[in-house]
Amino acid sequence: MGVITERIAEFQSILSESHINLKVLRELCFNGIPFEGGIRCLCWKVLLNYLPRDQSLWDTVLQKQRETYAHFLREMIIQPGIAKVKFGVSREDVTLEDHPLNPNPDSQWNTYFKDNEVLLQIDKDVRRLCPDFSFFLNPTDYPCLLIMDPENEYETLRKRVEQTTLKSQTVARNRSGVTNVSSPLKSSASNSLGDYNPLPNGSEAHWEVVERILFIYAKLNPGIAYVQGMNEIVGPIYYTFATNPNSDWKEHAEADTFFCFTNLMAEIRDNFIKSLDDSQCGITSKMEKVYSTLKEEDEELYLKLQEQNIKPQFFAFRWLTLLLSQEFVLPDVIRIWDSLFADENRFDFLLMVSCAMLILIRNQLLEGDFTINMRLLQDYPLPNGDVLPILKKAKELQDSKC
């Protein structure tokens with residue numbers, strides 16, 4: 001029996017138990033999860049607290065959550081579209097409350113137009129998701145039948161974007177560093193809507209599914225809504241679920257991604273809230289921990305970066321906020337996330353990974369001037385094209401602190 005086959009058998013054994021031993025599963029997943037047989041998808045769902053440890057509850061939980069997501073689609077995408085069509089058909093029946101010019105901030109039309117502002121920003125971001133990867137431009141095998149119903153012609157979010165006249169400048173809600181210091185790895189995509197050939201009726205691209213997930217999330221979480229960069233968090237989760245070799249699970253990739261993304265965002269949402277940046281739970285204290293760990297482990301490198309006035313905000317903001325999703329190609333991001341999700345203190349481990357990334361290119365950083373080093377940190381040169389040494393070093397750093 002080969003090493004890979006043995007490893008798959010190990011995973012299958014633990015995942016077939018009536019009550020999952022989370023400690024053992026975490027240890028297995030930390031060293032990388034096999035794609036075969038949909039094992040990674042299943043493990044991520046357990047690690048992100050979407051599926052309970054009691055396997056007898058899985059079918060019930062999945063059915064309930066998928067029905068809940070279908071309800072969200074009806075309430076937040078289908079119904080507003082129907083209301084809009086109704087207004088256009090029977091204008092004589094429209095009351096002041098329903099009128100688009102109603103000044104009441106709580107009117108359904110005011111809500112619709114405000115939602116459009118958020119939708120335009122989401123649309124702009126999801127169309128350029130993983131530009132070096134054609135997957136998100138391809139049609140999904142499982143278009144949303146609720147919305148793509150040929151008998152009803154409901155308004156899709158894509159049609160809604162095409163019909164709106166809002167200017168994109170009014171919706172530029174972003175976080176410093178996410179866009180201003182963008183990764184060259186991700187910068188090859190054009191923002192022009194005209195660059196995307198529309199798919200035939202009844203089809204939808206994977207980016208449209210991601211758009212829907214983010215729009216529903218924004219509607220359900222008005223306190224944070226949508227902030228640029230969330231697309232980079234949901235993308236790898238959706239890709240992993242939508243490429244599941246198990247078609248029964250693959251068919252429900254959208255709903256399952258939504259709930260896993262929501263659970264993950266519950267843990268990292270503070271990183272996206274600017275008012276919390278300088279709080280103990282904010283991104284600033286996390287960036288400082290990267291440097292304090294570096295000082296303990298490699299004082300020479302720490303002092304060099306300090307001397308050049310290279311602040312962690314210049315690079316670690318993006319690393320930590322986006323869970324390194326812009327620093328590496330998608331397969332490497334997914335491998336890093338295997339370890340990240342598996343670690344009980346997953347975001348402390350992310351700090352160790354960030355510190356390890358600095359230490360592994362220490363020689364280049366010690367030789368470089370400010371300009372060269374900034375380029376290295378904003379376009380990370382993966383040593384030997386392999387993320388495993390980074391994870392190994394991060395684990396060493398973590399163990400040394402125990």
May I ask you to test the S400-E297 pair for a side-chain heavy-atom distance under 4.5 Å? yes
Examine distances only and state if a side-chain atom of N373 and a backbone atom of G368 form a donor-acceptor pair shorter than 3.5 Å. yes
With distance as the sole criterion, is a donor-acceptor pair present between the side chains of D125 and Y226 under 3.5 Å? yes
Are Q308 and D369 linked by a side-chain donor-acceptor pair shorter than 3.5 Å? no
Qualifying residues under salt bridge (charged side-chain N to carboxylate O under 4.0 Å, His left out), relative to E396, sequence neighbours excluded: K393
Candidate list T293, D343, D348, test side-chain hydrogen bond (donor to acceptor under 3.5 Å, both in side chains), partner Q398, passing option: D343
Can you confirm whether more than 12 heavy atoms, excluding those of K295, are under 6.0 Å from its NZ atom? no
To the nearest 0.5 Å, what is the distance between CZ on F317 and NZ on K286? 11.0 Å
Residues two or more places apart in sequence or in another chain: which of them pass side-chain contact (heavy atoms from CB on, under 4.5 Å) with T243? F35, F135, Y239
Please work out which of the three classes, parallel, tilted or perpendicular, describes the rings of F314 and F370, given edges at 30° and 60°. perpendicular
How many angstroms lie between CE in M230 and CD1 in I122, if you round to the nearest 0.5 Å? 9.0 Å
For a 4.5 angstrom cut-off between non-hydrogen side-chain atoms, does I336 reach L323? no
So do Y380 and L360 actually touch side chain to side chain, heavy atoms under 4.5 Å? yes
Donor-acceptor side-chain pairing of E67 and Q63 below 3.5 angstrom: yes
Can you tell me if E10 uses its side chain to pair, donor with acceptor, with the backbone of L28 under 3.5 Å? no
Please check if the side chain of W249 supplies one atom and the backbone of N244 the other of a donor-acceptor pair under 3.5 Å. no
Between OG1 of T156 and CE of M148, what distance do you get to the nearest 0.5 Å? 6.5 Å
Looking at side-chain heavy atoms only, is the closest gap between R212 and C144 below 4.5 Å? yes
Side chain proximity check, F349 to S339, heavy atoms < 4.5 angstrom: yes
Between R158 and E211, does any NZ, NE, NH1 or NH2 come within less than 4.0 Å of an OD or OE carboxylate oxygen? no
Looking at I33 and D338, what are the two nearest heavy atoms and their distance? N-OD2, 3.0 Å
Check this for me: does any side-chain nitrogen of one of E327 and R318 sit under 4.0 Å from a carboxylate oxygen of the other? yes
Residues I359, L397; criterion side-chain contact (heavy atoms from CB on, under 4.5 Å); working and verdict: CA-CA 11 Å; I359 292 171; L397 294 174; 4.3 Å; yes
Under a 3.5 Å threshold, yes or no: a donor from one side chain and an acceptor from the other, between Y69 and E254? yes
Set of side-chain contact (heavy atoms from CB on, under 4.5 Å) partners for E27, sequence neighbours left out: K23
Could you check whether any side-chain N or O of R40 sits under 3.5 Å from a backbone N or O of P34, counting only pairs where one atom can act as donor and the other as acceptor? no
Over all heavy atoms of both residues, which pair between L137 and A205 is shortest? Give the atoms and the distance, please. O-CB, 3.7 Å
Check the angle between the aromatic planes of F315 and W319 and answer parallel, tilted or perpendicular using the 30° and 60° thresholds. perpendicular
Under the 3.5 angstrom rule, does the side chain of N221 hit a backbone N or O of I224 as a donor-acceptor pair? no
Looking at every heavy atom in both N271 and L320, which two are closest together, and how far apart are they? ND2-O, 4.0 Å
Electrostatic pair E267-R346, nearest N-O below 4.0 angstrom: yes
Would you name the heavy atoms of G37 and P245 that are closest together and state the gap between them? N-CG, 3.8 Å
A side-chain contact here means heavy atoms from C-beta on lying under 4.5 Å apart; do R335 and L391 qualify? yes
F72 six-ring centre to K219 NZ/CZ under 6.0 Å and within 45° of normal: no
Contacts table for residues 256-263: side-chain donor-acceptor under 3.5 angstrom, sequence neighbours left out:
residue, atom, partner, partner atom, Å
D256, OD1, Y50, OH, 2.7
D256, OD1, R66, NE, 3.1
D256, OD2, K45, NZ, 3.2
D256, OD2, R66, NH2, 2.8
T257, OG1, A253, O, 2.6
T262, OG1, F258, O, 2.8
N263, ND2, L48, O, 2.9
N263, ND2, N49, O, 3.3

Where do D399 and K395 land on the salt bridge (charged side-chain N to carboxylate O under 4.0 Å, His left out) test, with the steps shown first? CA-CA 6 Å; D399 290 344; K395 183 64 176 163; 3.5 Å; yes
Would you give the length of the straight line joining atom CH2 of W44 to atom CD1 of I237, rounded to the nearest 0.5 angstrom? 6.5 Å
What are the two closest heavy atoms between L25 and I14, and how far apart are they? N-CD1, 3.4 Å
First locate atom CG of L157, then atom CG of L214, and finally report the distance between them rounded to the nearest 0.5 Å. 10.5 Å
Salt bridge (Lys or Arg N to Asp or Glu O under 4.0 Å): which pairs involve residues 298-317, sequence neighbours left out? D298-R362, E300-R362
Whether the W207 and D123 side chains hold a donor-acceptor pair (N or O, under 3.5 Å, no angle test) is what I'd like checked. no
Smallest heavy-atom separation, P381 atom then Q364 atom, equals CG-NE2, 4.0 Å
Please round to the nearest 0.5 Å and tell me the distance separating atom CG of L42 and atom CG of L15. 5.0 Å
Selection residues 237-250 - residue pairs positive for salt bridge (Lys or Arg N to Asp or Glu O under 4.0 Å), sequence neighbours left out: D141-K250
Is there side-chain contact between Y291 and Q306, with at least one heavy-atom pair below 4.5 Å? yes
For residues Q121 and Q228, determine if any side-chain heavy atom of one lies less than 4.5 Å from a side-chain heavy atom of the other. yes
Using atom types as modelled and distance alone, determine if a side-chain donor or acceptor of S13 lies under 3.5 Å from a backbone N or O of A9. no
